[in-house]
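Step one of this worksheet: look at the structure below.
Predicted model only: the values in this text are computed from it and were never measured. Proteins come first, then strands; the chains are lettered A, B, ... in the order of their sequence lines, and each starts at number 1.
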Number of protein chains: 4
Amino acid sequence: MIRGAVALFKQKGYHRTTTREIAKEAGFSIGTLYEYIRTKEDVLYLVCDSIYEEVQQRLSGIAQQEGSLEGLEKAIRQYYELIDEMQDEFVVMYQESKSLPKDALEYVLNKELEMVALFENILRDCQKAGEIHVKDESISLAAHHLVIQGQMWAFRRWGLHSHYTLDQFMDDQLQWLLHGIKGNGGTT
Amino acid sequence: MIRGAVALFKQKGYHRTTTREIAKEAGFSIGTLYEYIRTKEDVLYLVCDSIYEEVQQRLSGIAQQEGSLEGLEKAIRQYYELIDEMQDEFVVMYQESKSLPKDALEYVLNKELEMVALFENILRDCQKAGEIHVKDESISLAAHHLVIQGQMWAFRRWGLHSHYTLDQFMDDQLQWLLHGIKGNGGTT
Amino acid sequence: MIRGAVALFKQKGYHRTTTREIAKEAGFSIGTLYEYIRTKEDVLYLVCDSIYEEVQQRLSGIAQQEGSLEGLEKAIRQYYELIDEMQDEFVVMYQESKSLPKDALEYVLNKELEMVALFENILRDCQKAGEIHVKDESISLAAHHLVIQGQMWAFRRWGLHSHYTLDQFMDDQLQWLLHGIKGNGGTT
Amino acid sequence: MIRGAVALFKQKGYHRTTTREIAKEAGFSIGTLYEYIRTKEDVLYLVCDSIYEEVQQRLSGIAQQEGSLEGLEKAIRQYYELIDEMQDEFVVMYQESKSLPKDALEYVLNKELEMVALFENILRDCQKAGEIHVKDESISLAAHHLVIQGQMWAFRRWGLHSHYTLDQFMDDQLQWLLHGIKGNGGTT
DNA sequence: AATGAATGAGTATTCATTCAT
DNA sequence: GATGAATGAATACTCATTCAT
């Protein structure tokens with residue numbers, strides 16, 4: 001059901017997608033749809049939740065390579081590839097999550113912060129290991145950056161995909177990032 | 001009318017805002033509203049258009065300082081300040097523009113590309129002037145970057161404003177950017 | 001609109017009557033119906049209210065003939081005739097008022113109590129004038145009686161109209177009532 | 001099941017009670033509920049029927065004391081007590097029976113007429129025994145009266161229970177009735 | 001016999017849009 | 001020009017009923 005809903009939301013947006021369409025796409029009747037959800041908003045919530053679920057699951061292996069630059073790079077590449085594969089999901093989530101009820105929205109934003117924290121930790125490990133040198137205050141910002149940089153690949157496909165392949169994009173982004181980090185980006 | 005509509009869209013989103021509300025907020029009747037527009041979508045279009053109008057107007061002075069790093073920095077700071085002041089507008093535009101009819105959307109995306117091009121030109125001028133050294137292919141990407149980096153200040157206020165002031169954010173971003181650019185970001 | 005709604009409610013009951021039917025019967029579109037009401041329950045409320053409105057208006061002249069038995073009789077006859085003419089309305093009101101939201105229901109029950117009070121006052125006047133002799137506690141009960149006795153003509157048409165004309169019914173009821181009242185109904 | 005249904009109908013009304021709720025309250029699944037009934041209306045029918053069943057059962061002993069005034073009084077008191085105990089049931093039945101399909105409604109109204117007839121017979125016996133003196137045409141009316149008077153205790157609890165105890169109410173009603181009957185209520 | 005998942009017709013309500021005044 | 005009453009298509013959600021297990 002969630003896959004179908006994502007497809008519809010992507011195509012027509014959350015508001016223009018009817019519950020009947022969601023049900024039909026999922027292959028059952030509205031009646032049955034409403035066995036699973038209580039509100040149309042629930043669908044949106046489930047969609048957002050499942051996206052983070054998958055993201056977290058697919059990034060779960062990342063944090064291991066403690067403190068090495070290769071580890072960082074690998075993590076980032078994995079993240080970029082993930083986004084490339086889940087473009088639609090990301091776009092939907094970022095454009096529609098505002099329609100979530102307040103508490104659901106908070107829950108979702110929290111998940112996003114967890115994702116940022118994931119990279120923040122990796123960076124901090126690298127810092128500890130002496131592999132990078134960034135002002136302490138800049139680490140969280142760098143993590144935010146990194147996360148957004150990746151999402152940019154999804155949001156701005158209309159502007160980017162015509163000029164770059166994912167690999168070009170990743171390489172370029174990484175160079176930027178690592179260059180700033182390895183040296184002493186953000187220091188005296 | 002547009003100001004009122006932005007306020008409403010920001011608060012309730014485009015779909016949840018009724019034409020009646022837009023009219024009332026603007027201070028005239030629906031009948032009169034429909035003298036100015038043909039469709040609710042028109043309001044959204046007008047909103048998006050007016051935002052870019054203002055952005056372009058306020059960034060118009062930028063391109064002059066040809067090729068100097070200070071010019072670049074000044075342009076960027078001006079852009080960031082602009083975004084800070086127009087946060088709501090930016091958020092609305094990026095979250096709702098997907099609801100525009102196809103051609104209007106294209107028009108709007110084009111405006112966005114023009115904005116990117118603006119910075120691209122500045123960067124290219126700097127490159128020509130020998131102030132920065134970036135791979136040619138990376139310049140457009142850097143411009144994209146730069147534009148998004150700024151928008152991030154609007155989109156992610158929930159995550160950023162609690163940790164950074166605008167000035168901190170700007171300084172940090174600039175250091176990242178200039179560090180990568182001045183050196184030889186993206187080269188061997 | 002109200003007349004139409006009464007007709008429909010009478011025929012199919014409140015729950016089985018759709019808002020569309022109400023609108024159509026009233027001669028306008030649902031959209032327009034919802035200019036006048038906010039909720040289907042509002043229709044029911046309006047129906048109930050208008051019934052009491054009419055009842056009170058039509059009984060307003062009654063209270064004048066202070067204390068005479070003829071006054072009492074006249075009042076009662078007027079009330080019975082009123083009920084005869086508004087049978088449908090009464091039946092609808094008593095069968096459907098339970099579907100009113102709590103506060104509306106209270107409001108309606110209050111109106112009913114006002115009607116009872118109307119007769120209570122007449123009876124009290126007669127008592128004062130020495131025309132009837134009833135235990136004080138019984139007066140309110142007698143008023144309740146009297147009001148219900150009349151409504152019975154509406155509720156139980158299926159049982160009564162085949163055996164009695166309104167006049168027979170009125171005469172009989174009056175004799176019962178007056179007999180009990182004139183003598184010393186409810187005393188030693 | 002019926003008890004449960006009555007409780008639900010009393011609380012929320014027939015239309016607002018779902019078959020699922022009825023099943024759950026009865027302690028089995030909807031599937032099983034539909035083994036016993038064919039239609040939701042059937043539940044209402046069963047409810048109404050069972051009420052009359054109980055009423056008739058509990059009043060069955062009444063008709064014996066032929067022709068005595070005490071017998072009449074006893075019968076009436078028994079009836080009033082019955083109603084007091086079955087208030088909810090009566091209220092439900094009278095407010096919801098209109099939702100029965102035509103033939104079921106007729107059946108139920110017939111049961112009601114049987115109840116009236118029960119008292120009619122008692123009255124007639126008293127008449128024959130010379131204990132009361134009422135115009136022949138008035139006997140059926142008096143029976144209707146008597147039946148309604150009792151139901152009034154259930155329908156109008158909101159207006160009566162705050163002012164009277166059941167005993168006060170019964171006494172008062174009886175005095176009215178007997179006074180009218182014993183003398184020559186309704187004669188020349 | 002019993003279950004409860006599946007169905008889909010049915011309904012209240014909203015809201016963009018029109019047009020007579 | 002301006003108004004706002006009127007429209008009715010569109011939509012989320014409910015619930016009686018069925019039937020495969």
Side-chain angles (χ1 to χ4, degrees), chain A residues 1 8 12 14-24 26-44 99, chain B residues 1 5 8 12 14-24 26-44 99, chain C residues 1 8 12-24 26-44 99, chain D residues 1 5 8 12 14-24 26-44 99 101:
Chain A
M1 180 199 82
L8 288 168
K12 337 178 49 176
Y14 170 71
H15 280 101
R16 285 202 229 288
T17 302
T18 67
T19 49
R20 274 174 149 82
E21 287 169 324
I22 295 171
K24 180 183 257 187
F28 36 65
S29 64
I30 337 169
T32 306
L33 176 63
Y34 274 86
E35 292 285 315
Y36 296 85
I37 59 166
R38 235 174 30 75
T39 291
K40 194 185 172 190
E41 279 170 344
D42 286 354
V43 180
L44 187 53
S99 298
Chain B
M1 180 199 82
L8 288 168
K12 336 177 52 176
Y14 169 71
H15 279 101
R16 286 201 228 289
T17 301
T18 68
T19 50
R20 277 163 144 89
E21 287 170 324
I22 295 171
K24 182 184 242 186
F28 37 67
S29 64
I30 331 172
T32 308
L33 177 64
Y34 272 82
E35 294 289 317
Y36 296 84
I37 59 167
R38 232 174 33 74
T39 285
K40 192 186 172 189
E41 280 169 342
D42 288 352
V43 180
L44 187 55
S99 298
Chain C
M1 179 199 83
L8 288 167
K12 337 177 51 177
Y14 169 72
H15 280 101
R16 284 202 231 287
T17 302
T18 66
T19 50
R20 274 176 148 81
E21 286 169 325
I22 295 171
K24 181 184 256 187
F28 36 66
S29 64
I30 338 169
T32 306
L33 176 65
Y34 274 84
E35 292 286 314
Y36 295 87
I37 60 165
R38 233 173 32 75
T39 290
K40 193 185 171 190
E41 279 170 344
D42 287 353
V43 180
L44 187 54
S99 297
Chain D
M1 180 198 83
L8 289 168
K12 337 177 52 178
Y14 170 71
H15 280 100
R16 286 201 229 287
T17 302
T18 66
T19 49
R20 276 163 144 90
E21 286 169 324
I22 295 170
K24 182 185 242 186
F28 38 67
S29 65
I30 333 172
T32 308
L33 177 64
Y34 272 81
E35 294 288 318
Y36 295 85
I37 60 167
R38 231 175 32 77
T39 286
K40 191 185 173 189
E41 281 168 343
D42 288 352
V43 179
L44 186 54
S99 298

Legend entry - Distance-minimising heavy-atom pair for C:Glu41 and C:Ser99: OE2-O, 3.6 Å

Legend entry - For F:dC13, the Watson-Crick or wobble partner whose two distances fall under 3.5 Å: E:dG10

Legend entry - Whole angstrom value for the distance that separates C1' of E:dG10 from NZ of C:Lys12: 12 Å

Legend entry - Short side-chain N/O contact to E:dT7 OP1/OP2 from A:Ser29, under 4.0 Å: yes

Inset, instruction - Determine yes or no for a side-chain-to-main-chain donor-acceptor pair under 3.5 angstrom, with D:Ser29 supplying the side chain and D:Thr32 the backbone. - result: yes

Legend entry - B:Arg20 side chain, from C-beta outward: closest of F:dA12, F:dA6, E:dT3: F:dA6

Legend entry - Length of the line joining A:Glu35:CD and E:dG8:P, which is rounded to integer Å: 14 Å

Inset, instruction - Ignoring backbone atoms, test whether A:Thr18 places a side-chain nitrogen or oxygen under 4.0 Å from the OP1 or OP2 oxygen of F:dT11. - result: no

Inset, instruction - Write down the atom of C:Tyr14, the atom of C:Leu44, and the distance for their closest heavy-atom approach. - result: CE1-CB, 3.8 Å

Legend entry - Heavy-atom donor-acceptor pair, A:Lys12 side chain to A:Thr18 backbone, under 3.5 Å: no

Legend entry - Separation of E:dG10 P from D:Lys40 NZ (nearest whole Å): 16 Å

Legend entry - First of A:Glu41 and D:Tyr34 reached from the 5' end of DNA chain F, by closest nucleotide: A:Glu41

Legend entry - D:Ile30 CD1 - F:dC19 C1' separation (whole Å): 12 Å

Legend entry - D:Tyr36 vs C:Thr39, nearer the 5' end of DNA chain E by closest nucleotide: D:Tyr36

Inset, instruction - Whole angstrom is fine here: how far is it from CG in C:Leu44 over to C1' in E:dA12? - result: 15 Å

Legend entry - Between C1' of E:dA16 and CD1 of B:Ile37, the distance in whole Å: 9 Å

Legend entry - N/O (side chain, D:Thr32) to phosphate O (OP1/OP2, E:dT3) under 4.0 Å: yes

Legend entry - Closest heavy-atom pair and its distance - B:Ile22, B:Thr17: CG1-CG2, 3.7 Å

Legend entry - Who pairs with E:dA1 - Watson-Crick or G-U, where each distance is under 3.5 Å: none

Legend entry - Side-chain N,O (D:Thr19) to OP1/OP2 (F:dA16) below 4.0 Å: yes

Inset, instruction - Using whole Å, report how far CG of D:Leu33 lies from P of F:dT17. - result: 10 Å

Inset, instruction - Could you say whether C:Arg16 or B:Arg16 is positioned toward the 5' end of DNA chain E, judged by the nucleotide with the nearest heavy atom to each? - result: C:Arg16

Legend entry - Opposite nucleotide pairing with E:dA20, Watson-Crick or G-U, both atom distances under 3.5 Å: F:dT3

Legend entry - Interatomic distance, A:His15 NE2 vs E:dA16 C1' [rounded to whole Å]: 15 Å

